[in-house]
Each structure stands twice: as C-alpha cells, then as structure tokens.
Chemist: 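Can you keep this structure in mind? I'll have questions shortly.
Quick caveat, the model's predicted, so the values are computed rather than measured.
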Amino acid sequence: MKKPLIGILGSIQIDQGGMFPGYERAYVNNDYIISIVKAGGIPIIIPVIEDEELIKEQIKRVDGIVVSGGYDVNPLSYGDEPHEKLGFIYPKRDKFDIYAIKTAYELDKPILGICRGHQILNVAFGGNLYQDMSLIDGVYIKHTQQSQPWSVGHSVHIKKGTKLYDIFKGNIVTNSFHHQAIKDVARDFIVSAVSKDGVIEAIEKDGDAFVMGIQWHPEMMTAAEDENMVKLFKKLVEESLKKG
C-alpha cells in the first residue's frame, strides 16, 4: 500500500551557549516524526528558507503538511504592536510558515497545525492572536502545565458536526503548553473545540478541505503510546493519501 509523504515544517534553534553561541540549527522535535510513522505516513522535515519559489517546490513534493510548534508569532504579522509579555519571535519563520500554508492550501494539500502551527494557521488566513493568556478575560485553567509532556493537563470540549468530532467522537483531555491563543478566528474557519474557560483549542476550515489547527501537542502524547491522539495523524495521512 502506498504511503503518503508528510512534510513537517521545521524551525530554527538558536544556540544560547557552548562553542557556537547564536548558531542556527534546522530542527523539529522527534515526536512529530514518530507520530507520522505510527500513523502510516513517511515523514520528511521541510527546513525554513526564504526563497518563495523554492518553498513552493518544497510543498509540491509532499502530500500533506504538519505545521509544527515553536516561538511566538510576530504580532506585526497580524497588525498588532508587541505587548510586554510577548516571548521570543523569529519573523523569518513566520513568513516561511505563512507562505507554505497558503501554498499548501492552493495546491489542495491537507494541513494540520499544532500549537504555534495552529496559531500561525489562523494568522495566515487573516485571523489574529492574544499575545498572552493574561489578556483573555475569564481564563482560569493552567494552560502551561508543569508535568511530563505527554501527561494530560485539562479537558477539551469538541463541537459536534465538526471534522474534529468525527475523529474523536466526543470530548477529550489533552496536554497544554502555550501562553498565546487565537483571538479572532480567520474568515471561513470555525471553532471546533474550546477549553472550559473558553480558550479556542481547535479550528478548521469550513468546507471539504482538511485544514485544521489544534492548540495542544498530540505528537508528544502519540510518541508516548497514546492510542487516542494518533487518530489525528492517521486522519492527516488518510487525507494526504487521497491527494498523492
């Protein structure tokens, strides 16, 4: 049986010390790779570059993409000024992610955004973000848990009639590691899941295309043998197989 090629959009790790302070390394966390393998896909890391023609060629060669987590999204990319609680930003990656996402959508490639990937997916289609959870009225849940990465942090309510509900068939519990969140949802997207304090936990593009963003880290849970979270990656692989 043919296996689809799943591109994982990479990040840049900047060394903080050692022999090469400031040195940039292309990387993704290995949990993404493990998750795609477990789901039946062939993972490939797509490095951050600036040439748009080359980015287009990168995306053409894969059957679907995962937009991975990482640094805060630059608020200037959605028309806001930086708040004092904004974390480290890397604008070159923002531009890469946004162009790769738009290209994948134009080429009808399935897209799964995770954590920062969920947030930049919203920005790529015209939405915006809260730069820190403290700026959201009524938030009381701990959204940056202090525990092992694969441990569950809080419950998530999934709306019936959504693609996400079709995957999980009900509400779930997830891990949680973020201090930013979606504010205004991009046009033609719907909110498919929320936490009990109202924070947007998942969005998806209305219509037939598989374009989905989720705020938690299913790859960490999948790599630790969570049989529920692997369903997300299996769905991505299934949708990508249709396009291959």
Chemist: Is there a donor-acceptor pair under 3.5 Å between the side chain of Q119 and the backbone N or O of Q180?
Modeler: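 Checked: pair present.
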Chemist: More than 12 foreign heavy atoms under 6.0 Å from CZ of F20: is that the case here?
Modeler: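 It does not: F20 CZ has 12 such atoms or fewer within range.
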Chemist: Are H83 and L135 close enough, and set up right, to give a side chain to side chain contact (heavy atoms under 4.5 Å, CB included), and what steps lead you there?
Modeler: CA-CA 10 Å; H83 188 272; L135 303 175; 3.6 Å; yes
Chemist: Measure the shortest side-chain to side-chain distance between Y27 and I45 over non-hydrogen atoms and say whether it is less than 4.5 angstrom.
Modeler: no
Chemist: Under the 3.5 angstrom rule, does the side chain of N122 hit a backbone N or O of A186 as a donor-acceptor pair?
Modeler: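 Yes, because the side chain of N122 sits within donor-acceptor range (under 3.5 Å) of the backbone of A186.
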Chemist: Does the side chain to side chain contact (heavy atoms under 4.5 Å, CB included) test come out yes or no for V230 and S35, once each step is laid out?
Modeler: CA-CA 7 Å; V230 75; S35 297; over 6 Å; no
Chemist: Mind checking whether I167 and L236 sit in one hydrophobic cluster, side chains of I, L, V, M, F, W, Y counted as touching below 4.5 Å?
Modeler: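 Looking at the clustering, L236 is in the same group as I167.
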Chemist: Same cluster for V156 and F168 if Ile/Leu/Val/Met/Phe/Trp/Tyr side chains link at under 4.5 Å?
Modeler: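 Same cluster.
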Chemist: Which residue in the set I101, L54, L107 passes side-chain contact (heavy atoms from CB on, under 4.5 Å) when paired with I59?
Modeler: L107
Chemist: How about Y23: does its OH atom have over 12 heavy atoms from other parts shown lying under 6.0 Å from it?
Modeler: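 Incorrect, the count does not exceed 12.
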Chemist: Under a 4.0 Å N-O cut-off, is there an ion pair linking D72 with R116?
Modeler: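 No.
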Chemist: For the pair Y105 and F125, name the ring-plane relationship: parallel under 30°, tilted 30 to 60°, perpendicular over 60°.
Modeler: perpendicular
Chemist: Are N29 and S68 side-chain neighbours, meaning at least one heavy-atom pair lies under 4.5 Å?
Modeler: no
Chemist: Drop me the distance from D31's CG to M221's CE, to the nearest 0.5 angstrom.
Modeler: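 The CE atom of M221 is 11.5 Å from CG of D31, to the nearest 0.5 Å.
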Chemist: Could you name each residue pair satisfying side chain to side chain donor-acceptor pair (under 3.5 Å) that touches residues 124-139, not counting sequence neighbours?
Modeler: K85-S134, N128-D184, D132-S134, D132-H179
Chemist: With rounding to the nearest 0.5 angstrom, report the OG1 to CE distance, T222 to M220.
Modeler: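 Spacing of OG1 (T222) from CE (M220) equals 11.5 Å.
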Chemist: May I ask whether Y32 and L232 are part of the same hydrophobic cluster, defined by side-chain heavy atoms of I, L, V, M, F, W, Y residues being less than 4.5 angstrom apart, directly or through others?
Modeler: yes
Chemist: What's the shortest heavy-atom distance between S147 and S151, and which atoms?
Modeler: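 That would be OG-CB, 3.8 Å.
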Chemist: Going by the side-chain contact (heavy atoms from CB on, under 4.5 Å) test, name the single residue among L121, I114, I111 that passes it with V67.
Modeler: I111
Chemist: Hey, does the side chain of N74 reach the backbone of S77 with a donor-acceptor pair shorter than 3.5 angstrom?
Modeler: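 No.
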Chemist: Any side-chain donor-acceptor pair under 3.5 Å between E50 and Y99?
Modeler: no
Chemist: Output the distance between atom CG (N228) and atom NZ (K169), rounded to the nearest 0.5 Å.
Modeler: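 N228 atom CG to K169 atom NZ measures 12.0 Å (nearest 0.5 Å).
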Chemist: Would a 4.5 Å heavy-atom cut-off, applied to side chains only, mark S176 and T144 as touching?
Modeler: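 Side chain of S176 against side chain of T144, heavy atoms only: no contact under 4.5 Å found.
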Chemist: Quick test of your reading of the model: are E52 and K56 salt-bridged, counting only N-O distances below 4.0 Å?
Modeler: no
Chemist: Looking at NZ of K109 and CG of L5, how far apart are the two atoms once the value is rounded to the nearest 0.5 Å?
Modeler: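 The NZ atom of K109 sits 9.0 Å away from the CG atom of L5.
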Chemist: I'd like to know if K234 pairs up with E238 as an ion pair, taking the criterion as any Lys NZ or Arg NE/NH1/NH2 lying under 4.0 Å from an Asp or Glu carboxylate oxygen.
Modeler: no
Chemist: Are more than 12 heavy atoms, taken from residues, nucleotides or ligands other than F189, located less than 6.0 Å from that residue's CZ atom?
Modeler: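 Check passes, neighbour count above 12.
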Chemist: Would H143 and H154 count as a close aromatic pair, with their ring centres under 6.0 Å?
Modeler: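 Yes, close enough.
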Chemist: Is the shortest side-chain heavy-atom distance between I49 and I55 below 4.5 Å?
Modeler: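 Yes, close enough: below the 4.5 Å cut-off.
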Chemist: Find the distance between CD1 (I33) and CD1 (I6) and round it off to the nearest 0.5 Å.
Modeler: 13.0 Å
Chemist: Is the closest basic N to carboxylate O distance between E219 and K38 below 4.0 Å?
Modeler: no
Chemist: Run the side chain to side chain contact (heavy atoms under 4.5 Å, CB included) check on I172 and W216 step by step: do they pass?
Modeler: CA-CA 11 Å; I172 56 175; W216 64 96; 3.6 Å; yes
Chemist: Determine yes or no for a side-chain-to-main-chain donor-acceptor pair under 3.5 angstrom, with K160 supplying the side chain and Y165 the backbone.
Modeler: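 No; zero donor-acceptor contacts below 3.5 Å.
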Chemist: Show your working on side chain to side chain contact (heavy atoms under 4.5 Å, CB included) between K95 and I98 and close with a plain yes or no.
Modeler: CA-CA 5 Å; K95 291 178 182 177; I98 289 171; 6.0 Å; no
Chemist: With a 3.5 Å cut-off and no angle check, do the side chains of H217 and N175 form a donor-acceptor pair?
Modeler: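 No - no donor-acceptor pair under 3.5 Å links their side chains.
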Chemist: Please name the pair of heavy atoms, one in A181 and one in M133, separated by the smallest distance, quoted to 0.1 Å.
Modeler: CB-SD, 3.8 Å
Chemist: Rounded to the nearest 0.5 Å, what's the gap from CG on L129 to NZ on K183? Could you check?
Modeler: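 Rounded to the nearest 0.5 Å, the CG-NZ separation comes out at 10.0 Å.
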Chemist: Check the hydrophobic clustering (I, L, V, M, F, W, Y; side-chain heavy atoms under 4.5 Å; chains of links allowed) and say if L9 and I44 are grouped together.
Modeler: yes
Chemist: Find out if a path of hydrophobic residues (ILVMFWY) with successive side-chain heavy-atom gaps under 4.5 Å connects F88 to F177.
Modeler: no
Chemist: Sequence neighbours excluded and cut-off under 3.5 Å, please list the side-chain donor-acceptor pairs for residues 199-212, or say none.
Modeler:
from, atom 1, to, atom 2, distance (Å)
E204, OE1, K163, N, 3.3
E204, OE1, L164, N, 3.1
E204, OE2, K163, N, 2.7

Chemist: For salt bridge (Lys or Arg N to Asp or Glu O under 4.0 Å), just list the numbers for K102 and E106, CA-CA rounded to whole Å, side-chain angles, deciding distance to a tenth of an Å, and then say yes or no.
Modeler: CA-CA 6 Å; K102 289 181 176 179; E106 289 169 2; over 6 Å; no
Chemist: Can you list the residues that meet the side chain to side chain contact (heavy atoms under 4.5 Å, CB included) rule with K196, with sequence neighbours excluded?
Modeler: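 K196 satisfies side chain to side chain contact (heavy atoms under 4.5 Å, CB included) with Y140, I141, S155 once adjacent residues are dropped.
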